[in-house]
There are 2 protein chains.
Amino acid sequence: MGERVEWALHCCLNLAFLGPDDAVPAARLAAFHELPTAYLTKQLQALVRAGIAASVPGPRGGFRLARSPEQITLLDVVVAIEGPEYAFRCEEIRQRGPASGSSGRTQVACTIDVAMRKAELAWRQALAAQTLAEIAATVEHRYPNMPVRARDWLVVTGS
Amino acid sequence: MGERVEWALHCCLNLAFLGPDDAVPAARLAAFHELPTAYLTKQLQALVRAGIAASVPGPRGGFRLARSPEQITLLDVVVAIEGPEYAFRCEEIRQRGPASGSSGRTQVACTIDVAMRKAELAWRQALAAQTLAEIAATVEHRYPNMPVRARDWLVVTGS
DNA sequence: ATATCCTGGATATCTACTATCCGGGATATG
DNA sequence: CATATCCCGGATAGTAGATATCCAGGATAT
């Protein structure tokens, strides 16, 4: 899994600490964790396309969450960055080779594929069961001053 | 996830259809699914190093399962090929940047990392819950003649 | 002795991830 | 209206890992 996922998750978490209408420029969001601005911007755009974040152009613009942290799961973010494809993709090698037979076995599922998909569904369900709000609450419980610190550094207080 | 995993799973399944002492040369195992012999051999060697398969050198040699299919889980095969590392690896970007603070926060777990690991554990458990024997039984139930066909083609009958 | 087969290393190719840059468009501010 | 700020999309490189091949050496059955 790409490092981009970690970037996106931390950025979403930081945005979750802010007010719903506090937009943070990509450059500031990147500087907060010393990430490359241009590349992080690509990931933020992916979050926008997925409907997780929203972008505001112009001065005092930036990125904010598109919906409340309670309605954003870890799966949402992972899928937005990595794509919806399964990590294990069945290439149907069972149908190649001398013993494949010419019968129309094509339409029946591969047993190994079914088994691997079952495991990936368990992974997806575990990701979908955890929301950004829950993560934020855990962080706030363990490090009470971190949300405050993030907000103070990220938000450009109005002139 | 690499295609190698699919290759390894199908090869292990084919070996599970055979007798415990029927060794199949890598070239024949590869030809069965039209896979590149040399590269498949690398994966078979990984299975040997993991203790899943055993290799027999010399004429009438080849590869066989090192233990019974009941004792081989899908997780065993996946870990043997892909390695034991987590797909999501926390780079601790939270500790970089201006707001990280110089306090000794290093030793406490990253909340996002914990959440992602929880999901991966669910995936691993789902893989560990399925054995090669169960997969083989399902295949045999749905395609009763496939194990026979695999054995007839793979095993070089004595002289 | 010989043919068969695995083992390990070296090498090459290709894809996806990481990263950067730039022109264009949108918007708040004065 | 002019300008500074900021997002958007495309083009472009570099790099690491996955895919793939080849060969010399070792082990073993016949």
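Bear in mind the structure is a predicted one, so any value in this text is a computation, not a measurement. Chain naming here is simple, since letters A, B, ... match the order of the sequence lines and numbering starts at 1 in each.
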Just compare [options] and give me whichever is closest to any side-chain atom of [X].
{"X": "B:P57", "options": "C:dA19, D:dT28, D:dC7", "answer": "D:dT28"}
{"X": "B:Y39", "options": "C:dT7, D:dA20, D:dG9", "answer": "D:dA20"}
{"X": "B:P25", "options": "C:dT7, C:dT18, C:dC6", "answer": "C:dC6"}

Would you kindly give the [atom1]-to-[atom2] distance between [X] and [N], to the nearest whole Å?
{"X": "A:Q45", "N": "D:dC6", "atom1": "CD", "atom2": "P", "result": "15 Å"}
{"X": "A:L47", "N": "D:dC7", "atom1": "CG", "atom2": "P", "result": "13 Å"}
{"X": "B:F63", "N": "D:dA27", "atom1": "CZ", "atom2": "C1'", "result": "13 Å"}
{"X": "A:L40", "N": "C:dT20", "atom1": "CG", "atom2": "C1'", "result": "14 Å"}
{"X": "A:L35", "N": "C:dA19", "atom1": "CG", "atom2": "P", "result": "9 Å"}
{"X": "A:R60", "N": "C:dT29", "atom1": "CZ", "atom2": "P", "result": "7 Å"}
{"X": "A:K42", "N": "D:dT12", "atom1": "NZ", "atom2": "P", "result": "13 Å"}
{"X": "B:Q43", "N": "C:dT7", "atom1": "CD", "atom2": "C1'", "result": "14 Å"}

Spatial distance of atom SG (A:C90) from atom CD (A:Q95) [nearest 0.5 Å]: 8.0 Å

Distance under 6.0 Å and angle within 45° of the ring axis: does A:R28 meet both against A:W153?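 Satisfied, under 6.0 Å and within 45°.
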
Pi-cation contact, A:Y39 with A:R4 (under 6.0 Å, within 45°): no

On DNA chain D, compare the nucleotides closest to A:S55 and B:P36; which residue's is nearer the 5' end? A:S55

Strictly below 4.0 Å, N to O, side chains only: are B:E92 and B:R96 in salt-bridge contact?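 Looking at B:E92 and B:R96, the cut-off is not met.
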
Tell me whether A:D22 is salt-bridged to A:R60, with the criterion being a basic N under 4.0 Å from an acidic carboxylate O. no

Quick check on DNA chain C: between B:P59 and B:V48, whose nearest nucleotide comes earlier from the 5' end? B:P59

Touch check for B:A26, heavy atoms < 4.0 angstrom, all strands: base, sugar-phosphate only, or nothing? sugar-phosphate

